[in-house]
Structure formats: structure tokens, C-alpha cells
Amino acid sequence: MKKPQIATNLSENLEKLNVNREKASKLFADVIEKAVKKSKPDTTAVLETDLDNQLANQPAPLKITVLGGGSFGTAMANLSSKNGCEVTLWVRDKRSVKSMQKTHINKKYLPDHKLDERLQFTHDLQAAVKGKDLIFVAVPSAAFRETLQKIAPFISAQAIVSLTKGMEKDTFALMSDVIADELPNVAFGVMSGPNLAKEIMNNMPSATVIASQSAALRLAVQTALHSAFFRVFASDDLIGVELGGALKNIYAIAMGMAAAYDIGENTKAMILTRALAEMSRFGVQAGANPLTFLGLSGVGDLYATCSSTLSRNYQIGNMLGRGMSLDQAIKKLGQTAEGINTIQQVNEKAIKEGIYMPITHALHDIIYEDKAPLGVALNLMEAGFRSDVEFVMPHQVQPKHN
């Protein structure tokens, strides 16, 4: 897995954003100005003069497009619209767009929730993307690269934020890698956290993390989404935040499967903590900060996804644990469960690089090699001795236990 090729200097990111009268709203420029004041005081005066000359006196709302009409994309579009942003939700299916334009309800994914009346809907990709400040991409990982390729001709000053939690099939690429490949001159970030869409729509207090090397972009996302019920925290560890969001799906499947066997609280706690150990091990190998996994995008998202029946990955795991085939479970769910693809990706990567990932390997054996779940679970329990937290006390390989 390669690391994203990103500009680490704020001025480089500002140049990529290319703010001017035609391409950015006043509020977006103001957000960038605040970030510059905090990050590079010596350039503030020049940028202030430039912004004053180019932008109108009255602030305009951020112009945002969300690509993908699934539950989370819809929830983020609704939230930013309620915050006063000019928001368009792009959905591929024309019939769904017409239905949402008429009813302001996403009948497939959030049928019980009325969406903000100011929220706009379209199936025209060019119209959705051109002239916007922020583009949130919330399509499944399998469609992520194709979507970026389609919008590339219409990208000028827009910043890209991935809401997709997963890895690209066959490449091990995170979504930030795909953005860097397809839109190399664009400022970008990734967002992840314990964000079950239905709870957000019900105004249950929630939080997320926006990770980017650009302070301006982080502040712009916070401006767009932060509200009384939804807090937006910042990070500069893109790899750690993104891996947390991708890897936790594996363990939600494991927890859902285990729940089908009526496990106890001790077992749940063991799965959660050993899952966190696997996530941090894999993350450090990829260049992430292990402390990132103690935050919202790590243990926070892991807990929410592993303990809620609203989680698609938990549901898939539970159905598999009750004897359904993978095809039957996917068909019944009717939505994408990113963890299924991630298990394949991470299993192969871990074997190749020698990363100890026993839960991931066990799930791969059960799902793809048709091994009996109880037998695999017993083998896990009989595995050799290890330290609890390897970053506190390094693991010592035992000659008779591995």
C-alpha cells in the first residue's frame, strides 16, 4: 500500500485550492484565511489583500456536492444543508432523483427521515461538480476510481473529501491513494468515525474526524458539518484515520458472526481489544501513528460498528453465523458491506508482509475456504503467548508457541 503523495506545505495546498471570485464562495475564502493566519503569519497580509480584491464583501454559503446517495452520503448532505450550505446530492439513478426531488425522502436508504427542504438533487455529474467548493465522495470503494475519472474534466478549484471506508479491490489502495492517482493537483482529505447514518439523522450526539495535510481544508469541513449534535475533530494522520475506517469493518463481521453463537461480554471485550491490536499493527506497518487508533476513527468507530445492529458489516457477519451463504447474506442486506472486500485485501497483504492478523485470517478461512466457525475459533484460543499491547511491551516470539 503506497502512501498518498500529498503536499505537506500549507501554501502548496492553498495554491491547489486556487481561490478566486469565479471559483470559490466568500465563506470558503474566509475559512482559508483563518487557517493561514494560524499556520503562516508571514503570508497573511498578502493573502488578505488578494482576497479583499477578489471577493465580494458579503459572505456566501459554502457550495458543496455529495456524490453518492447511500445512507451516510445522504446524512452528510442533509447535515451540511441544515447548516446553511448550498448542497447538491448526486445520485446515479434518475428515478431516485425524481423521487427525492418530489418527496425529499431517500426511500431506499433513509425512508423514515424527511430531508432538508433546501437540499438539491441531480443525476447530472457535470452540473453537480462544477463551481463547487467541496466535493464529498460517498460511493462504494469499487466505484470510487471510476467516479473520480468521470469528474476529473470538471475539477478546477474544488477540494475532495472521501467518505468511503474501504480499500480498492486488487490494488490495496486506500481512497486517498486513488485521489492522489486520479486528481494529483487537488487538495483532499478523508473523513471517518463512528457515524451510523440513522443516528445522525435522529440528532443523536455524534462525532467524526477529518484528516488532511491542509489546515484550510480541515477547517472548511468543520465549518460545513459541525453542529450542536455533530462534532468534527481534526487530524493530519490520513493513513491512520483511513485505515481505522476500513479495518474496523472486518471486526464488525467477526462480532456479528460471534453474536450468532450467543457469546458473553468477556468474549465481546476480547474480540474488540484484539481487533484494536490488529488494526494498530497493520496501521504502523503502513506508516500510521498507533495513537490515532485510540481516537474516534479507531476505537470509536470499532466500538460503534461492532456493537450496533445498524452496522451493515455486523449484519452480514450475523447472517453468516446463522448459516447463510455469503451470496444470500449480501442479497438480503441489499447494500454494500465494505468489510467483505477488505477481508480479502488485508488477509493477502498481511500474509505478504508478515503482519500478525489472526482474526482476519480466521474470517478469511471461514468465508472463503468454508472452514467451520467453531473449529477456527478454538484454534484462535489455542494460539501462542503474546504481549497485551505490543507498543508498550514488545512481543517476544516463543520457541514453542507462535
Side-chain angles (χ1 to χ4, degrees), residues 25-35 37-38 58-66 68-89 100 103-106 109-121 132-138 159 161-163 165 189-212 214-236 241 244-245 294-305 307-308 310-311:
S25 71
K26 178 66 166 65
L27 181 54
F28 196 45
D30 288 345
V31 164
I32 291 173
E33 180 182 341
K34 291 177 182 177
K37 286 180 179 179
K38 293 181 179 179
Q58 295 299 319
L62 281 167
K63 297 176 181 177
I64 294 172
T65 285
V66 178
S71 55
F72 187 56
T74 301
M76 292 300 97
N78 187 67
L79 182 58
S80 52
S81 181
K82 288 170 67 176
N83 277 354
C85 300
E86 291 183 6
V87 188
T88 300
L89 179 62
M100 284 188 277
T103 65
H104 267 72
I105 295 174
N106 187 332
Y109 294 104
L110 295 168
D112 300 325
H113 296 87
K114 187 83 171 180
L115 302 175
D116 189 76
E117 289 295 334
R118 294 164 291 184
L119 182 58
Q120 301 295 310
F121 309 93
K132 299 300 191 293
D133 298 320
L134 294 173
I135 300 173
F136 291 98
V137 186
V161 178
S162 168
L163 304 184
K165 299 177 180 180
V190 299
M191 205 172 85
S192 189
N195 302 146
L196 298 168
K198 291 182 180 179
E199 292 188 2
I200 294 170
M201 293 296 293
N202 287 329
N203 288 330
M204 294 182 181
S206 304
T208 195
V209 179
I210 172 63
S212 176
S214 168
L217 190 151
R218 295 195 299 264
L219 190 55
V221 173
Q222 289 176 312
T223 300
L225 297 177
H226 200 98
S227 71
F229 299 102
F230 193 75
R231 295 197 67 185
V232 183
F233 293 87
S235 172
D236 60 2
V241 168
L294 298 180
L296 281 166
S297 62
V299 68
D301 203 4
L302 177 66
Y303 174 80
T305 312
S307 61
S308 174
L310 296 175
S311 163

Check your understanding: How would you list, by chain and number, every residue that makes a salt bridge (Lys or Arg N to Asp or Glu O under 4.0 Å) with D116, sequence neighbours excluded?
Key ->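 Applying salt bridge (Lys or Arg N to Asp or Glu O under 4.0 Å) to D116 gives R118.
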Practice item. With sequence neighbours left out, write down each residue that passes salt bridge (Lys or Arg N to Asp or Glu O under 4.0 Å) with R231, or none if nothing qualifies. Key: none
Looking at every heavy atom in both [X] and [Y], which two are closest together, and how far apart are they?
{"X": "M191", "Y": "V221", "answer": "SD-CG1, 4.1 Å"}
{"X": "A75", "Y": "M201", "answer": "CA-SD, 3.8 Å"}
{"X": "V209", "Y": "A234", "answer": "CG1-C, 4.3 Å"}
{"X": "P194", "Y": "L296", "answer": "CD-O, 3.3 Å"}

Distance (rounded to the nearest 0.5 Å) between [X] [atom1] and [Y] [atom2]:
{"X": "F233", "Y": "H226", "atom1": "CZ", "atom2": "NE2", "result": "7.5 Å"}
{"X": "D236", "Y": "R218", "atom1": "CG", "atom2": "CZ", "result": "6.0 Å"}
{"X": "I64", "Y": "L89", "atom1": "CD1", "atom2": "CG", "result": "12.0 Å"}
{"X": "L79", "Y": "L119", "atom1": "CG", "atom2": "CG", "result": "11.0 Å"}
{"X": "L196", "Y": "M204", "atom1": "CG", "atom2": "CE", "result": "10.0 Å"}
{"X": "C85", "Y": "L225", "atom1": "SG", "atom2": "CG", "result": "7.5 Å"}

Can you tell me if [X] uses its side chain to pair, donor with acceptor, with the backbone of [Y] under 3.5 Å?
{"X": "S81", "Y": "A77", "answer": "no"}
{"X": "N78", "Y": "L115", "answer": "no"}
{"X": "H104", "Y": "K114", "answer": "no"}

Study note, to complete from the structure: So the side-chain hydrogen bond (donor to acceptor under 3.5 Å, both in side chains) pairs with at least one residue in residues 199-209 (sequence neighbours excluded) are H113-N202, N195-T208
Point to revise | T74: side-chain hydrogen bond (donor to acceptor under 3.5 Å, both in side chains) partners, not counting sequence neighbours | key: N106
Point to revise | Side-chain heavy-atom pair N83, F230 within 4.5 angstrom cut-off | key: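 No. Closest side-chain heavy atoms not under 4.5 Å.
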Exercise for review: Apply the test side chain to side chain contact (heavy atoms under 4.5 Å, CB included) to residues M100 and F121: give CA-CA distance (whole Å), side-chain angles for both, the deciding distance (0.1 Å), then the verdict.
Suggested key: CA-CA 7 Å; M100 284 188 277; F121 309 93; 3.9 Å; yes
For residues 297-304, which side-chain donor-acceptor pairs fall under 3.5 Å, sequence neighbours excluded?
| from | atom 1 | to | atom 2 | distance (Å) |
| --- | --- | --- | --- | --- |
| D301 | OD1 | T305 | OG1 | 3.2 |
| D301 | OD2 | K165 | NZ | 2.9 |

Check your understanding: Of all residues at least two apart in sequence or in a different chain, which pass the side chain to side chain contact (heavy atoms under 4.5 Å, CB included) check with E86?
Key -> P61, K63
